[in-house]
Structure formats: C-alpha cells, structure tokens
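Notes follow once the structure below has been shown.
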2 protein chains.
Amino acid sequence: MNRPTVHDIAKEAGVSLATVDRVLNARPGVRAKTIAKVQDAVSRLGYVRDTYAANLARKRLFRFVFILPEGPNQFAETLKAAIDEAYSAQIADRTVLEILRVPFLDPHAIVRRLQQLDVTTLDGVALMVPETPQVRDAVARLKAAGVAVVALVSDLPNSRRDHFIGTNSVAAGRTAGLLMGRFAGRSGEVLVVSNSMRARDSLERRLGFDAVIAGEFSGLKVLPSVESFDDPARMRAVVGEVLARRRDVVGVYSMGSGNTALLDALRESGRIGDLVSIAHELTPTTEAALREGALAAVIAQNVGHLARSALRVLRALCDGLSIYEAQERVRIEIILRENIG
Amino acid sequence: MNRPTVHDIAKEAGVSLATVDRVLNARPGVRAKTIAKVQDAVSRLGYVRDTYAANLARKRLFRFVFILPEGPNQFAETLKAAIDEAYSAQIADRTVLEILRVPFLDPHAIVRRLQQLDVTTLDGVALMVPETPQVRDAVARLKAAGVAVVALVSDLPNSRRDHFIGTNSVAAGRTAGLLMGRFAGRSGEVLVVSNSMRARDSLERRLGFDAVIAGEFSGLKVLPSVESFDDPARMRAVVGEVLARRRDVVGVYSMGSGNTALLDALRESGRIGDLVSIAHELTPTTEAALREGALAAVIAQNVGHLARSALRVLRALCDGLSIYEAQERVRIEIILRENIG
DNA sequence: CTTGATTTGAGGCACGTTCCTCATATACCA
DNA sequence: TGGTATATGAGGAACGTGCCTCAAATCAAG
C-alpha cells in the first residue's frame, strides 16, 4: 500500500539491508548476480528513494553560488531579488546560497572570480554570463571538480554546463516581431536598439525578430540596430536623434536593458502615442511604462520562476534525481498593461 | 552555523526536548511563561521546523481528492493530464491522490459526490465546479471536518474555501479585449461566443472584455453573446449563420470551451484570414489553430502550474506552512504562434 | 584441503522530529 | 500543611536512509 522502503527491497530480494544499501549507493563489494537481484526487486516493487530521508541521514548541506552581472542592470537586480526570495522561502532546504556579482563584459574578471571558488565545499553554480572561451574553460574546470553547473538566462551551449534555465532567444525575438507587426498595423520603419550586439542574446533576438517581420510584415522595414554600449546618455541622444530625423518610424524594439534612457527619449520625442514600443524583461521601469502606455508590450521571462528553477535543478543534479522538465521550462511571457503580475 | 534543531531550542530555552515539542505543536500542559521562553529561543535562533523530518516521524500520509468536470471538455482533460503528471513527478510526496469527475452543470450530482467522500481519512480537496449554494454548503461541511479546500480554475469566493488557484477572469477578459482591439486595428463588429453565460467565468470575462473595448476601441462594437450550451452542432450553426449574415464582423472572441466547433465554423466561413480570433485555454485544438493561423491569440493559464500549485497549496495547508504566494500566483498567459510551449 | 580474498549479514548509531510513558517537581487550594 | 492538579523532565521508539564495523559465509586458486 505505502511506498516500499529499503526494508521491503531487502525482503523481496532475499538479501540484507546492508547489501541493498551497497547496491543503491553503488558501493563496491557486491557480486553482479546480487546486484541484479536487488535491482530486480527495486523495479518490481517500484521503489523510489526518499530523498529527504536520505539527505537527513547524511545531514547533507548544499553550497550553491549564483553569478550575476554587476552594474546598473535592472533585470539583474530584479533577478537577484527573486533569488533571495526563493531562497528564503526554502525552495531548497539544507542549502546555503551565495550571490556574487561580476562585471558582465570582462571575461577575465569573471573567470578570476570563478577560480576563487572553493570547489571542495561547493556543490553547484548558476551562471548568468556571456559565453567566451575563458568561461567555457572555467565551466569545464568546475565540472571536473564535480560541481553542478547551470547556465541562467543566457545559455552556454558549447560548454559542459549541465542545464540551461531560460528562454529561447530566437523565439523571444520572433514573438516580439509578431507583436510588432500586428500592433503596428501599417507600413513604416522599425527602430531596434540594444546595448551591444556582441551579446549572444541580442543577436538571436534580432534574428528571430527580422525573420518574422521579413516573412509576414513586408510593409515594415527594420533599421540597423542602434547600440548604446550601456551608456544611458548615449542611448538617449541617439534615439532622440533618430526619432527626430526619421518620421516614418512606427515602432521601437528594445532588445536589451537600458530601457529607462530609451523611454526618456521616447517621451521627449512626443511620439509615444504613435509608436508601438516593445521591450524585454519586466522591471520597475518597464512595468511603469506599460501602465502609462509608453510600452505596448514586454516580452519577459518570469524571474521568480528562473530563480526557483535554478535552485530546484541544482538540487536535482546534486541529489542525482531526474529533472522535471515540464516544471522547469521557462516560458516566453507576453505582458500587456492588462496582465501585469 | 547549521540550522538550529529542537535540541538547540531546548538548550537555549533551558527546558527539555519534550517541552519544546509541546510548545511547537501547541499541545497542552505548558505554563504561559514557559511557552514564552521557548518561543523566545525559537525566534532568537531563527528555528524553522524541518517539515520533512516531521512528516517522516509522524509517518503521515495525505489523501487528496480533485474534482473536475466530466464530459467533452478539452480543458478539463488537459488539466487532468497535468495533475497526473505532477502527481507522478512527486511534487507532493507521501500523498495519495484521486481524481473524480462530476457533471459540471448538475449541482446536486456534485454535492452528492462530495458527500460520499470519507472525511475521516481525507486531508484536502481541490474543486473545479461552479459556485452554487449547494456547493457552498458542501465546502462548509468539508471545512468543518477539518479538510483543506482549494477552488481550482473557477473561484468559490463566497464559500469557506482556503485558497483559490487560478486567474482573475475579469483581467483575462480585459487582456483579450486589449489584444482584440490592437490586433483588429480597424472598425467593425466583434462576435462573442460562449457555452453558457450562466458560468461566473464567462460573465466576468465578458465584463473585462467589454470594458476595455468600450473604453479604448470605440471603433469596435461588441455583439451580444452567442451561447452554444455545450452543443457543438449548435455552435457551428449559429456562428456560421452570423458570419454569413454580418459582413462587418472583424473579430471573434470565444470565452469558453467548444473551440473545435467554433473553428470549424470559422473555416467554413472562408474568412479566417480577415478575422481576428481569440480564445481561452491551450488545448490540442487551440494549439493547432494557433499554428495554422486560425487563432490570433490564446489567453491561457498554465495547466501544469495549476496542478502543481494545487498540490503544493493543499500540502502547505495540511502541514500548517505558509503559502508561498509568489510561486502560487497563476499568471494570465498570452500565447501566440511564436511562443507556444 | 587449505589459504586468502571477496561477498554478505547483522547490528548499531545518526539525522530531526513526533509522540509516548513514567517519574518528579512545582503551584495552587483548602 | 497536606493533598492534588498541573508542569516539566528524562528517556525511548519510530520514520527511511546512510554509513560504519565486525563477523560469518562463500568463493577461487593453489
């Protein structure tokens, strides 16, 4: 009736508890034939290890480190808050968590920080950093030391990370493109702004955005990306200039952060009512802009979900459990004024 | 360093383990002064009970029952599948789960089914049923017997349910209205179809939809709701007739289930390309329609999330834990062709 | 058959909690 | 002051698992 326990397995297999334990935990000193007997009993009874009891017995403590970009990045702040909240809500118990901030655009600083980690006491790392060869090496080193590694928000597809937690940027860009096309509803130009097209995410979003606009909204012409290089003043100046000069612009697509400066420029242009503006990530700035009508839509990933997923996936990796994909899939959310929160 | 245990509390408070236990579990036989001493130690050390160890010691088993509508309801099927999946993924361990189906529109049958439940062994119930006085009474009876009750998908606001797991229907309707207005982009009529306007959800969605259209899209005129009363043939016939007769219709809003028949009617009308069609809930039918372009958007609640939330909330209620609101809030999702899944 | 190595069993303690029992201490009341 | 009710302590068993030791059984090879 109830869940079978190791005792039931021992009885069913006709061996002792100690032997069952040796088999379940892959400890040496068991004949192949005996291993088979035990595994047989396990599958016959449908035994599943009680992970909580196991961790209790082992009085295991997990040490996780999250690496997030530092600097004036509202999304990172929002994500950090979500991680803190998920942590204190005991999404993963028996866990100590540390959040480190690194300069996003300095691969060497990132790697230096990763090397300072004490891998002997470390169980898992979640990384939100751009993929560079240095980072790939650092991930390989962590993996070699037996540390679980997940990429957060921005994937590290060519590294040895165990898992990626985030959305497909191409699909997110396509979604933005579809919304832009349908919301604009007329011909004209679309201004695309980003911090830096060097980031993989921006590239992929642009790819998806362009594909949909080109394929389905031939009346729209997407202008070359305007880059701000994380400089608010520059963002404001360049966008203001373009909007003043080009009267055919009907939409603005912001692929990265720096939305505060962008929105300032939009307001100054006096064309908010005419323009369809779409940005990524829900932050205090973008949320206020949605309510005010300055942004028509925000394409977002739920930061709370990202945080909880990262914690759960790291735990599952450490516990050797399988990952519940359906729960961990991060969806591309479309936020309009009416469905905030 | 590590989490404090009951032993630490006992030491800190200068009392015995037994007394700490009595205080923590609100058992009688402790002087007020001693209770205060213990609670003081608890807050000083920041003790939090290890729920798993507690349930382990208590060898507790939870019995939950889910009540879902029976009959040809694709959303209910999808939800049931999600519940089965969440259950087998051990979202809530030490739990036995039963899913019962009841005729959605027969309050007496629903109540009869609820009364058959053995409340002595039952720990929690999740209900997806329309609110009627009979249901309210049945909920009160369950609560009186100490059973945790959550309303699922459709709220029972005037009952004594502990929690509601689902979305705000008015906000969902407003979201649909905003999308309809922006996607249509021109003047005309909007056809609204539903199974039955008697259901609270349909009423509320309509309320939100109308408010947004009236307030912001004055070029659109919303027609009176067409009701199908769960009869696919009727749905197909009525919609077909309206679309043939009224050439000004630019959008169709489907508030409830029965989308298969609706989509058939749309296809037959030959006006799919012209019309902006919006429906609720992601099912095999609506998903296929999105891909095909027959539906412009689907307003959905994630069934996997609903299922997991219901299980987690019921467990939290039984364990006497606080509910992690941020995780349990069900979002109004907007699904377009590009962000399915 | 002996020797030595390998495999297995039996048992115990630990983890953090619950929930007993039994004995003792303290407070209250007459 | 004694008697009684109430409060508290000490300790133990249990939950499912991990991990250890020690001894016994089994096996392979000479």
Side-chain angles (χ1 to χ4, degrees), chain A residues 1-42 45-62 90 92-95 315 318-321, chain B residues 1-42 45-62 90 92-95 315 318-321:
Chain A
M1 190 84 272
N2 286 2
R3 266 171 72 162
T5 73
V6 275
H7 298 269
D8 302 320
I9 301 299
K11 219 177 294 168
E12 176 81 10
V15 300
S16 78
L17 256 180
T19 303
V20 172
D21 184 61
R22 284 188 267 255
V23 173
L24 290 180
N25 295 290
R27 267 187 279 278
V30 187
R31 243 177 317 173
K33 225 178 71 186
T34 317
I35 295 183
K37 266 204 300 189
V38 172
Q39 283 170 343
D40 228 54
V42 165
L45 298 185
Y47 167 82
V48 265
R49 185 203 240 98
D50 184 329
T51 322
Y52 301 111
N55 284 331
L56 179 62
R58 210 190 316 222
K59 60 183 289 180
R60 231 192 124 163
L61 244 196
F62 298 92
Q90 298 188 66
D93 54 344
R94 286 173 205 294
T95 299
R315 261 309 273 278
C318 291
D319 282 337
L321 298 177
Chain B
M1 192 86 271
N2 285 3
R3 265 171 72 163
T5 73
V6 275
H7 297 270
D8 301 321
I9 300 299
K11 218 176 296 168
E12 176 82 10
V15 299
S16 77
L17 250 182
T19 304
V20 172
D21 187 59
R22 283 188 268 254
V23 173
L24 290 181
N25 296 289
R27 269 189 280 276
V30 187
R31 239 179 320 173
K33 224 177 72 185
T34 316
I35 295 183
K37 265 202 303 187
V38 172
Q39 284 171 342
D40 227 55
V42 165
L45 297 186
Y47 167 82
V48 266
R49 183 203 244 102
D50 184 329
T51 323
Y52 300 111
N55 284 329
L56 178 62
R58 215 190 311 225
K59 59 186 289 184
R60 243 200 111 156
L61 242 198
F62 297 91
Q90 299 189 65
D93 56 341
R94 288 171 203 296
T95 298
R315 261 307 272 279
C318 292
D319 281 339
L321 298 177

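No hydrogens, no waters, no symmetry mates; every other heavy atom, side chains included, goes into these values. This structure is a prediction, so every number in the text was calculated from the model and none was measured.
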### Query
Between B/Arg49 and B/Asp319, is the closest basic N to carboxylate O distance under 4.0 Å?
no
### Task
Check every strand shown and say whether A/Asp50 touches a base, only sugar-phosphate, or nothing at a heavy-atom separation below 4.0 Å.
sugar-phosphate
### B/Arg27 CZ to C/dT18 P, straight-line distance once rounded to whole Å
7 Å
### Query
Start at the 5' end of DNA chain D and walk down; is the nucleotide closest to B/Ala32 or to A/Leu56 reached first?
B/Ala32
### Residue-phosphate contact under 4.0 Å: B/Tyr47 side-chain N/O, C/dT17 OP1/OP2
yes
### Query
Between A/Arg60 and C/dC15, is there a side-chain N or O to OP1/OP2 distance below 4.0 Å?
no
## Note on the structure
When rounded to whole Å, the CG to C1' distance for the pair B/Asp319 and C/dT18 reads 14 Å
### Whole angstrom value for the distance that separates C1' of D/dA14 from OH of B/Tyr52
21 Å
#### Entry: Any donor-acceptor pair under 3.5 Å from B/Asn25 side chain to B/Arg27 backbone
no
### Message
For a quick check, with a 4.0 angstrom heavy-atom cut-off, what is the B/S/- contact string for nucleotides 8-13 of chain C, read 5' to 3'?
### Response
BBB---
### Task
Let me know the distance between CG of A/Asp93 and C1' of C/dC15, rounded to the nearest Å.
13 Å
### Query
Can any side-chain N or O of A/Thr19 pair as donor or acceptor with the backbone N or O of A/Leu17 at less than 3.5 Å?
no
### Message
Side chain of A/His7 only, heavy atoms from C-beta on: which candidate in D/dT17, C/dT17, C/dC19 is closest?
### Response
D/dT17
### Query
The side chain of B/Arg94 lies closest to which of these nucleotides: D/dG16, D/dC19, C/dT18?
D/dG16
### Query
Would you call A/Val6 and A/Asp21 a side-chain contact if the rule is heavy atoms closer than 4.5 Å?
no
### Query
Is there a donor-acceptor pair under 3.5 Å between the side chain of A/Arg315 and the backbone N or O of A/Thr95?
no
#### Entry: Between C/dA14 (P) and A/Asp21 (CG): distance, integer Å
17 Å
### Query
Rounded to whole angstrom units, what separation is found between the CZ atom of A/Arg49 and the C1' atom of D/dG18?
9 Å
### Message
I'd like to know if the side chain of B/Asn55 and the backbone of B/Tyr52 have a donor-acceptor N/O pair within less than 3.5 Å.
### Response
no
### Query
To the nearest Å, how far apart are A/Lys59 NZ and C/dG16 P?
6 Å
### Task
Examine C/dA14: is either OP1 or OP2 under 4.0 Å from a nitrogen or oxygen in the side chain of A/Arg58? Give yes or no.
no
### Task
Could you please spell out the steps behind the side-chain contact (heavy atoms from CB on, under 4.5 Å) verdict for B/Val23 and B/Thr34?
CA-CA 9 Å; B/Val23 173; B/Thr34 316; 5.6 Å; no
### Query
Looking across every strand, which nucleic acid part, if any, lies under 4.0 Å from A/Asn55 by heavy atom: base, sugar-phosphate, or nothing?
nothing
